[in-house]
Amino acid sequence: MRPTIFVSVPRLLSRFYDVIKKKFSELSGMTKTALDHGLSKKLNNVTTNGGYTHKVYDPLFFNKTKAALGGRVRLIISGSAPLLPEVHKFLKVTMGCPLLEGYGQT
């Protein structure tokens with residue numbers, strides 16, 4: 001399946017975060033340096049002007065992470081519990097799309 005909207009729970013999204021972080025930590029040298037630079041550039045891009053894509057870093061690194069969800073996801077929705085802020089930011093950057101949270105509080 002190649003969904004355009006991915007609805008999930010924080011536990012599964014945290015699992016994606018753990019797997020992607022593990023893969024990224026296995027990199028070294030210039031590749032690791034370029035990835036770290038790409039992460040910071042994309043995070044800055046998301047926070048300053050709301051842009052989720054980057055014409056250089058997406059083809060190099062982040063299209064592979066997007067492919068884990070089918071490659072066509074345009075929106076991720078998380079519910080049932082709050083998502084850790086670090087996971088939220090990281091997934092927005094690596095998946096290249098908005099991540100909305102909605103959960104009930106009693």
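Below, each value reflects all heavy atoms present in this structure, side chains not excepted, and no hydrogens, waters or symmetry copies.
- A distance of 8.5 Å separates CG in L75 from OG1 in T4, rounded to the nearest 0.5 Å.
- No continuous path of ILVMFWY side-chain contacts below 4.5 Å connects V19 to F62, so the two sit in separate hydrophobic clusters.
- No side-chain donor-acceptor contact under 3.5 Å links N45 to the backbone of G50.
- With sequence neighbours excluded, no residue satisfies side-chain hydrogen bond (donor to acceptor under 3.5 Å, both in side chains) with Y52.
- When side chains are defined from C-beta on, L69 counts as touching M95, because their heavy atoms get closer than 4.5 Å.
- Counted within 6.0 Å of NZ on K32, heavy atoms from surrounding residues, nucleotides or ligands total more than 12; the atom is thus considered enclosed.
- The distance from atom OG1 of T47 to atom NZ of K92, rounded to the nearest 0.5 Å, is 8.5 Å.
- Legend: salt bridge (charged side-chain N to carboxylate O under 4.0 Å, His left out) pairs involving residues 65-80, not counting sequence neighbours, sorted by first then second residue: D58-K66.
- Proximity of D36 to F24: side-chain heavy atoms (C-beta onward) are nowhere separated by under 4.5 Å.
- At least one side-chain heavy atom of S80 sits less than 4.5 Å from a side-chain heavy atom of P10.
- Side-chain contact check for T65 versus L91: every heavy-atom pair is 4.5 Å or farther apart.
- Under the 4.5 Å side-chain criterion, counting only non-hydrogen atoms from C-beta, L13 is in contact with I76.
- No donor-acceptor pair closer than 3.5 Å links the side chain of T31 to the backbone N or O of L27.
- Hydrophobic clustering, with ILVMFWY side chains joined whenever heavy atoms are under 4.5 angstrom apart, groups V56 together with L43.
- One finds the OG1 atom of T94 at 10.0 Å from the NZ atom of K21 (value rounded to the nearest 0.5 Å).
- Across all their heavy atoms, V9 and S78 have their closest contact at C-OG, 4.1 Å.
- Under the 30°/60° scheme for interplanar angles, the aromatic rings of F16 and F6 are found to be tilted.
- Checked against ring-ring contact (aromatic ring centres under 6.0 Å, His included), Y57 has the following partners two or more places apart in sequence or in another chain: H37, H54.
- Taken from OG in S25 to CD1 in I20, the straight-line distance is 12.0 Å, to the nearest 0.5 Å.
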Donor-acceptor list for residues 83-90 side chains, cut-off 3.5 Å, not counting sequence neighbours:
residue : atom : partner : partner atom : Å
E86     : OE2  : Y17     : OH           : 2.1
H88     : ND1  : E101    : OE2          : 3.0
H88     : NE2  : L99     : O            : 3.3

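- Remark: T33 engages no residue in a side chain to side chain contact (heavy atoms under 4.5 Å, CB included) (not counting sequence neighbours).
- Every residue two or more places apart in sequence or in another chain was checked for a side-chain hydrogen bond (donor to acceptor under 3.5 Å, both in side chains) with K55, and none qualifies.
- Using a 4.0 Å cut-off between charged side-chain N and carboxylate O, K22 and D18 make no salt bridge.
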